[in-house]
Amino acid sequence: MIRLLPLLLLVLVGFSFVRTTPPTTRPNIIYIYADDMGYAELGCYGQKKIKTPHLDKLASEGIRFTQHYTSTPVCAPARCQLLTSKHAGHSYIRGNYELGGFPDSLEGGQMPLYPGAFTIGRMLQGVGYTTACIGKWGLGMANSSGSPNSQGFDYFYGYLDQKQAHNFYPTHLWENGKSVPLNNPVIDVHKKLTPETATDAAFAYYRGKDYAIDKMAQKALAFVKENKNRPFFLYLPFTTPHVSLQAPEEAVNEYVGQFEDKPYLGEKSYASTPYPRATYAAMITYMDKQVGALMQLLKDLKIDDNTIVMFSSDNGATFNGGVEAAYFRSVANLRGLKMDVYEGGIREPMIARWPQKIPANQVTDHVSVQYDVMATLADIAGYTKPIDTDGLSFLPTLLGQKTKQKQHAYLYWEYPEKGGQLAIRMGNWKGVKTEVRKNRKGPWELYDLSKDESETTNVAAQHPELVREFDEIVEREHVPSHIKEWEFVSPKFGQ
């Protein structure tokens, strides 16, 4: 018996590192995450000026959600809440907490995830998936507890630091903890031009040779090819159309002359460009083409029928960097943009396609949120252990089983930036409270989204019972944050 102990200990110690091999029918999962894409910037959501044929086809072959939400209207917390399935009152990361600086020598990333966080990647690893994150991470550097390779992803390629992602022609990207050089010079994308200095050569300063979207798309295709014979999860957080406005010249030229365009000289930060409207449209269309290439590869490898592809965005369209959300009607008739908890800042496009499982040409008004994704993927992948989640699986909606779909009693948002903001959606009622840092007992705004999707008519005075209920929900859902800068909600809110 004593001789058997070392072997027994080895088996027990090694057990947690061994993943069971699932059936070959377990579906592949691809989740594509755009960056700062507005609700109405795809053709299938009503966009008229920007071409997105491949994503439109994805929607026509699957299901399109009309009331799907991000968990927070900015990058890092939205990504954290997507991957850890917590709303903003419970999430470990609740804002963009920047470390380091913009130069390569000061690259420090954002507040890292804590060690061993239970992420979608870790969950799917547990049932035999090979996992990859290719794109923008924003949850910790390679040498931190937040490294993607330490948080459930077998493979990573892309930007670790969101500040570096302001430049689509960086000097390097990261691959599995190592900095990989690209064929680009150092570019200060926040360097402004003036009318006198805005020459062709000055604009050319913001262009390099290796476009980050190309590099990430190539790695995504390679990952799919390498893992075609086993179940894989590809989390693909592209950086488009987040500013800076940068795209390959041939992509921009497809739109030059279609809009009345005036040069953008960096007045609202980020890179200058002679054609801001054409460049913005080109960035979205260019990402759409990468999605098309990925979908074609799935067909070529004959794994199309066994792959579910989902597409969404981290928050609404931006207000800076030369982007003109009003010109493109980027959020349609919704109010607000990025950094707002009004509908334009948090309502997102959401498409899912899964041949022979999701009926084609479906549109759903099911109210869902990105912290639902973990529970949904658990159902898809057959993960049966209990999950500590704020979400509900929307797999019944995907499969057209409406009677089996559970509904949220309410959705909850809190956002510590831009004065401190709160929002609650309960049925068709939407409560919003802004400038909470100045006045925690300030008034709620109340909107009936069934009649007032644009949030123009505040009816809070007519429904004091709902206002009281919102205060109770905040007190119930808010857990104090570990970061002082994120704590703007009193534990005894409203008292």
Side-chain angles (χ1 to χ4, degrees), residues 32-38 41 50 52 75 79 102-104 107 109-110 133-138 156-175 179-193 202-221 236-256 263-266 268-291 293 313-315 317-318 320-324 338:
I32 306 169
Y33 207 36
D35 197 346
D36 289 8
M37 172 172 276
E41 290 187 326
I50 303 171
T52 55
C75 298
R79 289 154 207 276
F102 283 100
D104 290 356
E107 186 176 8
Q110 288 68 43
C133 171
I134 299 173
K136 185 170 97 172
W137 179 244
F156 173 78
Y157 181 85
Y159 296 97
L160 290 173
D161 187 338
Q162 291 175 175
K163 296 185 294 299
Q164 296 276 319
H166 291 188
N167 179 13
F168 283 80
Y169 294 99
T171 61
H172 66 284
L173 291 171
W174 290 84
E175 187 170 33
S179 176
V180 178
L182 300 183
N183 186 19
N184 294 319
V186 174
I187 300 172
D188 176 6
V189 290
H190 293 286
K191 172 185 175 183
K192 293 180 173 60
L193 298 181
F203 286 121
Y205 166 82
Y206 302 99
R207 293 193 298 269
K209 293 186 177 180
D210 284 345
Y211 192 54
I213 298 299
D214 286 334
K215 306 302 287 188
M216 293 186 291
Q218 291 163 12
K219 293 292 185 180
L221 296 180
L236 191 54
F238 278 129
T239 49
T240 42
H242 193 297
V243 287
S244 293
L245 294 176
Q246 295 169 294
E249 283 190 271
E250 64 273 17
V252 178
N253 287 338
E254 292 181 22
Y255 283 101
V256 170
Y264 172 70
L265 305 182
K268 294 184 178 180
S269 295
Y270 301 94
S272 301
T273 175
Y275 305 110
R277 291 175 176 175
T279 303
Y280 188 71
M283 291 170 72
I284 293 175
T285 298
Y286 201 78
M287 177 180 64
D288 181 78
K289 289 180 179 179
Q290 313 314 312
V291 173
S313 177
D314 62 345
N315 50 250
T318 194
N320 60 11
V323 174
E324 297 179 67
K338 177 180 180 177

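Index from 1, following the sequence.
- The shortest heavy-atom contact between Val243 and Gly321 is CG1-O, 3.7 Å.
- Contact annotation: the side chain of Phe238 approaches that of Ile32 to within less than 4.5 Å [non-hydrogen atoms, C-beta and beyond].
- In this structure, OG1 on Thr171 lies 3.5 Å from CG on Asp104, to the nearest 0.5 angstrom.
- By the 4.0 Å N-to-carboxylate-O rule, Glu107 lies too far from Lys163 to be salt-bridged with it.
- Side-chain atoms of Trp174 and Gln164 form no donor-acceptor pair, as typed in the model, at a separation below 3.5 Å.
- Remark: side-chain polar atoms of Asp288 are not paired, donor with acceptor, to backbone N or O of Ile284 under 3.5 angstrom.
- Checked against side-chain hydrogen bond (donor to acceptor under 3.5 Å, both in side chains), Asn320 has the following partners two or more places apart in sequence or in another chain: Thr318.
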Stepwise side chain to side chain contact (heavy atoms under 4.5 Å, CB included) test for Val189 and Phe168: CA-CA 9 Å; Val189 290; Phe168 283 80; over 6 Å; no
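- Evaluation of the side-chain hydrogen bond (donor to acceptor under 3.5 Å, both in side chains) rule for Asp36 yields Asn315, Lys338 as partners, not counting sequence neighbours.
- Rounding to the nearest 0.5 angstrom, the gap separating the OH atom in Tyr206 from the NZ atom in Lys191 is 6.0 Å.
- Remark: Tyr270 pairs with His166, His190 by the ring-ring contact (aromatic ring centres under 6.0 Å, His included) rule, at least two apart or across chains.
- Between Arg79 and Trp137 there is no side-chain heavy-atom pair separated by less than 4.5 Å.
- If you take SG on Cys133 and OH on Tyr33, they are separated by 11.5 Å, rounding to the nearest 0.5 Å.
- In terms of modelled atom types and a separation under 3.5 Å, the side chain of Gln110 and the main chain of Gln162 share a donor-acceptor contact.
- Rounded to the nearest 0.5 angstrom, Asn167 CG and Phe102 CZ are separated by 11.0 Å.
- For Ala165, the side chain to side chain contact (heavy atoms under 4.5 Å, CB included) partners at least two apart in sequence or on another chain are Lys136, Tyr159, Thr239.
- In this structure, Ser272 OG and Leu193 CG are separated by 3.5 Å, a value rounded to the nearest 0.5 Å.
- Partners of Lys192 by side-chain hydrogen bond (donor to acceptor under 3.5 Å, both in side chains), not counting sequence neighbours: none found.
- Annotation: ring-ring contact (aromatic ring centres under 6.0 Å, His included) contacts of Tyr286 (sequence neighbours excluded): Tyr211.
- A donor-acceptor pair under 3.5 Å is formed between the side chain of Asn184 and the backbone N or O of Pro170.
- In this structure, Ala278 and Val256 approach most closely via the heavy-atom pair CB-N, 4.0 Å.
- Among pairs with a residue in residues 273-283, those fulfilling side-chain hydrogen bond (donor to acceptor under 3.5 Å, both in side chains) read Glu41-Tyr280, Thr273-Thr279, Arg277-Glu324, at least two apart in sequence or across chains.
- The ring-ring contact (aromatic ring centres under 6.0 Å, His included) test applied to Tyr157 returns no partner, not counting sequence neighbours.
- Under the side chain to side chain contact (heavy atoms under 4.5 Å, CB included) criterion, Ala293 pairs with no residue at all, not counting sequence neighbours.
- Looking only at distances, no side-chain donor or acceptor of Gln290 sits under 3.5 Å from a matching main-chain atom of Ala217.
- For the atom pair CD (Glu175) and CD1 (Ile134), the distance works out to 9.0 Å, reported to the nearest 0.5 Å.
- Partners of Phe203 according to the ring-ring contact (aromatic ring centres under 6.0 Å, His included) rule, which considers only residues two or more places apart in sequence or in another chain, do not exist here.
- Every residue was checked against the salt bridge (charged side-chain N to carboxylate O under 4.0 Å, His left out) condition with Lys215, not counting sequence neighbours, and none meets it.
- Heavy atoms only, all atoms of each residue included: Gln246 and Tyr169 are closest at NE2-CD1, 3.7 Å.
- Partners of Ser313 under the side-chain hydrogen bond (donor to acceptor under 3.5 Å, both in side chains) rule, at least two apart in sequence or in another chain, do not exist in this structure.
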Checking side chain to side chain contact (heavy atoms under 4.5 Å, CB included) for the pair Met37/Met287: CA distance, chi angles, key distance, verdict? CA-CA 11 Å; Met37 172 172 276; Met287 177 180 64; 3.6 Å; yes
